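Single-structure report; data block below.
Nothing here was measured: the structure is a model prediction, and the numbers come from that model. These numbers come from the heavy atoms of this one structure, side chains and all, not from hydrogens, waters or symmetry mates.
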Amino acid sequence: MNQQPVVHPLHPVVLLLTAGFVIPELMFALGGTGFVGGPEASGWRLAAIQDYGFYGQIIDDGLERGIWTLDRLKRFLTYPFVHLSLTQALFAGVFVLALGKSVSDAFGGIPAFLVFFVSSIVGALAFGLAFDDPSPLVGGYPGAYGLIGAFTYLVAAQLAARGEPQVRAFMLIGFLLGIQLLFALLFGSNNTWIADAVGFAAGFLLSGIVRPGGWAGILARIRRN
């Protein structure tokens with residue numbers, strides 16, 4: 001008799017996203033040793049931030065002067081995989097592994113993939129539109145917060161099915177935003193918080209569409225109205 005595994009394996013999409021965090025960090029670490037890439041390899045992280053990070057000026061140039069080059073557009077998709085430090089990459093990777101597994105188990109791999117990238121894109125748009133900040137937006141946090149939003153949607157649906165207050169589903173995001181506020185008070189803040197917050201909102205709202213039967217349910221409601 002075949003037994004069901006106690007722990008479900010990670011979906012390939014989650015592993016792929018995590019690999020996108022790990023591989024650049026391995027390259028930066030090897031470059032920092034001086035054994036690969038030559039002397040210039042020590043600057044690989046800074047070069048990657050400049051070449052693949054997202055800058056708010058991209059939005060200004062696009063809206064005001066119509067400059068939408070491929071190099072600029074690609075940054076909406078590449079900035080989540082470049083981090084300021086190994087620590088930042090590790091924390092983002094842990095969120096994606098844990099929450100990506102929950103979301104992919106419930107919705108499927110492609111919906112989890114869409115939640116991560118749509119949240120990243122919308123978070124970058126919010127960052128560029130809200131602030132005139134010359135600092136780059138990098139790291140997987142907006143996408144990870146999108147997965148937190150999807151996870152919150154799942155918990156809220158479960159609580160609603162049991163007749164329990166859905167506000168409890170927002171305890172995780174409340175805790176994380178509280179930690180961000182504490183760190184901002186202690187060490188100073190930057191403007192990337194808006195990308196995280198909007199990423200969370202995008203992930204939460206998108207879950208109503210990408211969940212199994214979500215789009216069909218929306219179309220059915222539209223036809224009834």
Side-chain angles (χ1 to χ4, degrees), residues 13 16-21 23-25 27-28 40 43-85 88-89 92-93 95-96 100 103 107 109-150 153 173 177 180 184 188-210 214-215 218-219 222:
V13 163
L16 182 63
L17 290 174
T18 307
F21 294 167
I23 292 173
E25 290 302 321
M27 293 175 59
F28 299 150
E40 67 275 10
W44 277 353
R45 185 186 296 277
L46 179 59
I49 291 172
Q50 294 174 341
D51 292 342
Y52 300 103
F54 181 85
Y55 290 84
Q57 188 65 37
I58 292 173
I59 302 295
D60 294 337
D61 290 344
L63 294 178
E64 296 172 7
R65 292 184 285 276
I67 302 175
W68 297 107
T69 64
L70 181 60
D71 175 73
R72 290 167 178 248
L73 292 174
K74 77 179 182 186
R75 295 168 185 265
F76 283 96
L77 302 178
T78 58
Y79 86 84
F81 303 104
V82 182
H83 294 84
L84 296 174
S85 67
Q88 186 191 32
F95 278 126
V96 169
V103 174
F107 294 166
I110 298 303
F113 182 87
L114 288 174
V115 166
F116 179 87
F117 276 106
V118 171
S119 299
S120 297
I121 292 169
V122 174
L125 285 171
F127 174 78
L129 290 170
F131 301 110
D132 185 17
D133 192 335
S135 301
L137 173 66
V138 293
Y141 283 102
Y145 269 73
L147 293 172
I148 294 172
Y153 181 95
I173 186 61
L177 291 178
Q180 280 194 325
S189 180
N190 57 47
N191 292 325
T192 60
W193 63 267
I194 193 169
D196 300 338
V198 171
F200 170 84
F204 185 87
L205 295 174
L206 187 60
S207 296
I209 300 174
V210 301
W215 182 244
I218 291 173
L219 291 178
I222 292 174

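Smallest separation of non-hydrogen atoms from Pro24 and Phe81: CG-O, 3.5 Å. The shortest heavy-atom contact between Phe28 and Ala48 is CZ-CB, 3.7 Å. Shown here for Phe116 and Val96, the closest heavy-atom pair between the two residues is CE1-CG2, 3.9 Å. Residues Gly208 and Tyr153 come closest through the heavy atom pair CA-OH, 3.6 Å. When all heavy atoms are compared, the tightest approach of Ala195 to Phe127 is CB-CB, 4.4 Å. The minimum heavy-atom distance between Arg45 and Leu84, with the atom names listed, is CD-O, 3.4 Å.
Partners of Asp71 according to the side chain to side chain donor-acceptor pair (under 3.5 Å) rule, which considers only residues two or more places apart in sequence or in another chain, are Lys74, Arg75.
The CZ atom of Phe107 sits 11.5 Å away from atom CG of Leu114, with the distance rounded to the nearest 0.5 Å. Atoms CZ and CG, on Phe95 and Leu147 in that order, are 11.0 Å from each other to the nearest 0.5 Å. With values rounded to the nearest 0.5 angstrom, Phe113 atom CZ is found 7.0 Å from Leu16 atom CG. Taken to the nearest 0.5 Å, the CG atom of Leu73 stands 11.5 Å off from the CD1 atom of Ile67.
In this structure, the side chains of Ile59 and Phe131 stay at 4.5 Å or more apart for every pair of heavy atoms. A heavy-atom distance below 4.5 Å is not found between the side chains of Phe54 and Leu125.
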All N/O donor-acceptor pairs, side-chain side in residues 135-146, below 3.5 Å, sequence neighbours left out:
unit_1	atom_1	unit_2	atom_2	d
Ser135	OG	Asp133	OD1	3.3
Tyr141	OH	Gln88	O	3.4

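Within the structure, side-chain hydrogen bond (donor to acceptor under 3.5 Å, both in side chains) contacts touching residues 49-58 (residues at least two apart or in different chains) are Gln57-Asp61.
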